[in-house]
Amino acid sequence: MMLGEIFAAFGALEPYDRFQIGGLIHDPTRCFPVTTADFAMLAVPGDGATRTGFLQLLQAALIPVVDGALSPYTLRALVPRVAVLRGGVETSPLTTNRLVALVRANGHPTWGDLAGCTIGDVRRWHGAGQQMTAQLIVAAVAAVLHNAPDEHGVQLTLALHAAPRNGVCAALDACLASLPDARGRFAFERDELRLDEQRTASSDRPMTHQFIGVGPEHVRKLRAVARRHILEVTRQDAALEQRVVELAAVIGLATDHDGLRHALATLDLPGLSEPAGLLAIWLAGPYRAVPGHDGWWSPRPVELIEATNTLLATGGGVHTHDVVIKDLASFGMTAAQAEGWLCRQRVRIERGVVVDLRGSAAAIGERVLEATGQAMSYRELCSWMPAEISASALATELQRNRTFIETGPDRWELADWGGEPSAHLVRLSIEVTAEEVAGTDAALSSEVASLLRLRPGIPLILGTRFGPLALCFDGCQVVRGTARPVVLASGASIGDVLWFVVDPRDLAVEVSVEPGTTTPANSKLATITPTSTHRSTV
């Protein structure tokens with residue numbers, strides 16, 4: 001029995017897995033197997049450790065590809081002889097009780113029932129994860145080896161596609177097959193063709209040079225020879241060259257993973273799961289992952305990073321949404337791809353305006369005010385800040401940076417708008433209760449920190465004729481200390497209200513006692529405007 005009769009999709013496996021399996025089962029008197037056809041013509045491993053090792057390697061290799069390359073294909077297409085098996089899945093020596101329960105629960109207890117199921121159908125079953133699906137395929141392989149008659153009565157499926165390859169696809173296959181050195185092909189496929197997200201990051205997989213047993217410099221030479229050979233073969237095929245040019249035009253300067261898939265499908269080329277499809281992408285670019293832009297691919301990633309970074313930084317970091325999308329379209333991105341990229345950036349989009357949220361608190365605050373075109377409160381500005389910029393950092397910038405001015409109680413504008421700075425008084429009220437007389441602390445609103453220029457780590461002591469009142473940050477919360485000394489010295493009774501009127505410029509404080517919760521009647525204070533009143537919470 002030949003290997004192609006028990007499994008027909010070796011070309012869909014990762015290079016590492018394919019070459020590892022080849023190293024285990026190949027005939028030393030023949031060329032090392034690299035293509036699906038090479039594997040198909042090998043003899044099936046005999047009983048014993050070699051066959052067991054082959055089945056273990058195959059199952060491990062199938063796990064990462066069951067959701068991709070293998071998904072559209074039936075079990076019969078992957079394991080040709082499964083069609084002649086009789087009985088249920090329990091006839092396989094590798095079937096587990098869990099696997100038997102899974103196929104029975106989904107109404108496919110026999111191999112005949114399963115033969116027409118696609119791998120995608122199996123994956124949609126409840127409880128059929130990647131590992132269980134791979135186990136089902138290998139169980140079918142083991143069942144063929146254990147139960148099928150050793151005769152060549154089944155037509156081999158030597159390629160993953162049921163339909164014949166078109167001329168360009170066949171030419172891509174031929175390019176890879178023409179590489180004279182199996183080690184060179186492995187190095188070329190693993191290091192040149194694989195897209196970054198398809199590379200296996202597992203630390204237990206050796207580097208390319210470790211796997212093929214040569215030094216890193218030798219691997220570089222093998223890749224260089226393979227590159228020259230592939231390019232030379234491509235130049236000799238005008239139809240292939242023309243299709244590569246068409247592919248590059250469809251993909252453009254930048255695209256995402258779905259764009260690569262769509263471009264290959266549009267031109268009737270193999271998919272990304274096949275070496276031939278990856279070779280087409282390599283010839284058209286080669287397309288590489290763009291660092292910092294997850295899911296983007298470009299033949300010139302460094303230039304693209306510079307261009308997109310510049311795009312958001314220019315114009316003061318404030319842009320209209322439509323203009324940004326049009327600029328990204330000039331890089332080859334579709335509207336959907338551009339929207340996806342924009343959603344991943346550190347920006348905020350409000351009313352059709354895109355604001356860059358990278359940089360310092362001062363830079364972001366300036367962009368936000370420029371974008372909204374109106375005065376904003378401290379709390380409103382805080383809502384625009386990214387998580388790593390603290391509220392205290394913004395408060396410090398608003399108080400010290402001459403880019404900003406306060407034109408009213410907690411109303412911040414850009415200085416170049418020409419507004420007049422406001423001199424206002426801050427009024428705090430404390431309702432005298434039994435708890436206040438006992439000496440409790442209390443929380444204050446966050447606006448107090450901005451209006452009185454309170455900074456974390458530096459307590460603010462308001463001196464009054466009745467004694468001090470301390471304000472400070474407790475974490476992110478503004479709190480005041482006990483008002484007991486002021487309550488006792490002022491002669492206030494339970495039910496009265498203490499009013500503290502503070503001038504933020506010099507922290508001068510005047511205190512008055514009013515019955516109930518009315519506004520203070522002091523005529524001198526009532527004539528000073530504007531004022532901002534903040535009631536403490538107890």
Side-chain angles (χ1 to χ4, degrees), residues 197 251-260 262 289-298 300-398 401 403-407 410-417 419 446-447 450 476:
E197 67 179 34
I251 298 176
L253 178 63
T255 188
D256 58 12
H257 197 260
D258 289 338
L260 293 177
H262 176 73
V290 182
H293 298 288
D294 293 342
W296 271 35
W297 312 96
S298 173
R300 298 194 295 276
V302 175
E303 295 178 26
L304 191 61
I305 292 172
E306 294 176 353
T308 53
N309 286 343
T310 301
L311 171 65
L312 292 178
T314 55
V318 179
H319 313 269
T320 60
H321 179 267
D322 291 343
V323 169
V324 173
I325 298 301
K326 288 179 181 178
D327 287 342
L328 290 171
S330 68
F331 300 142
M333 303 297 292
T334 66
Q337 293 164 353
E339 288 284 3
W341 174 81
L342 195 56
C343 290
R344 294 193 297 269
Q345 307 313 301
R346 294 174 58 116
V347 299
R348 180 165 164 177
I349 305 173
E350 289 284 343
R351 299 178 182 179
V353 177
V354 180
V355 181
D356 186 3
L357 298 184
R358 296 173 298 177
S360 65
I364 297 173
E366 183 176 0
R367 293 187 203 121
V368 171
L369 290 171
E370 189 67 42
T372 58
Q374 61 186 13
M376 299 178 71
S377 69
Y378 168 73
R379 178 175 291 179
E380 289 170 333
L381 286 170
C382 277
S383 70
W384 284 76
M385 297 295 133
E388 67 272 14
I389 295 182
S390 65
S392 60
L394 174 62
T396 299
E397 291 295 339
L398 291 176
N401 195 315
T403 301
F404 310 98
I405 60 170
E406 192 175 13
T407 58
D410 196 25
R411 303 305 297 169
W412 297 93
E413 298 182 7
L414 294 176
D416 58 14
W417 289 357
S446 60
E447 284 82 358
S450 175
C476 296

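- To the nearest 0.5 Å, atom CG of residue Leu253 and atom CG of residue Leu328 are 11.0 Å apart.
- Shown here for Ile389 and Gly359, the closest heavy-atom pair between the two residues is CD1-O, 3.6 Å.
- In this structure, Glu406 CD and Trp412 CH2 are separated by 4.0 Å, a value rounded to the nearest 0.5 Å.
- Ion pairing between a basic and an acidic side chain is recognised when a charged N comes within 4.0 Å of a carboxylate O; Arg411 and Glu380 show such pairing.
- At distances below 3.5 Å, at least one donor-acceptor pair connects side-chain atoms of His319 with backbone N or O atoms of Leu312.
- Residues Trp384 and Ile364 approach most closely at O-CG2, 4.5 Å, considering heavy atoms.
- Between Glu413 and Gly419 the shortest heavy-atom distance is OE1-CA, 4.3 Å.
- Of the inter-residue distances, the one linking Asp356 atom CG with Arg346 atom CZ reads 8.5 Å to the nearest 0.5 angstrom.
- A donor-acceptor pair under 3.5 Å links the side-chain atoms of Thr314 to the main chain of Thr310, judged by distance alone.
- Counting only distance, with no hydrogens or angles, the side chain of Tyr378 and the backbone of Ala391 share a donor-acceptor pair below 3.5 Å.
- Between the side chains of His321 and Glu350, not a single donor N or O lies within less than 3.5 Å of an accepting N or O.
- Here CD of Glu339 is found 6.5 Å from CD1 of Ile349. Values are rounded to the nearest 0.5 Å.
- Between Leu369 and Phe404, some side-chain heavy-atom pair lies under the 4.5 Å cut-off.
- In this structure, OG on Ser383 lies 5.0 Å from CZ on Arg348, to the nearest 0.5 angstrom.
- Side chain of Gln345 to backbone of Leu342: no donor-acceptor contact under 3.5 angstrom is found.
- Residues satisfying the side-chain hydrogen bond (donor to acceptor under 3.5 Å, both in side chains) criterion with Gln374, sequence neighbours excluded, are absent altogether.
- Between Asp322 and Thr320, the side chains place no donor N or O within less than 3.5 Å of an acceptor N or O (distance only, hydrogens not considered).
- Closest approach of Glu397 and Ala361 over heavy atoms only: CG-CB, 4.1 Å.
- Applying the salt bridge (charged side-chain N to carboxylate O under 4.0 Å, His left out) criterion to Arg367, with sequence neighbours excluded, gives no partner residue.
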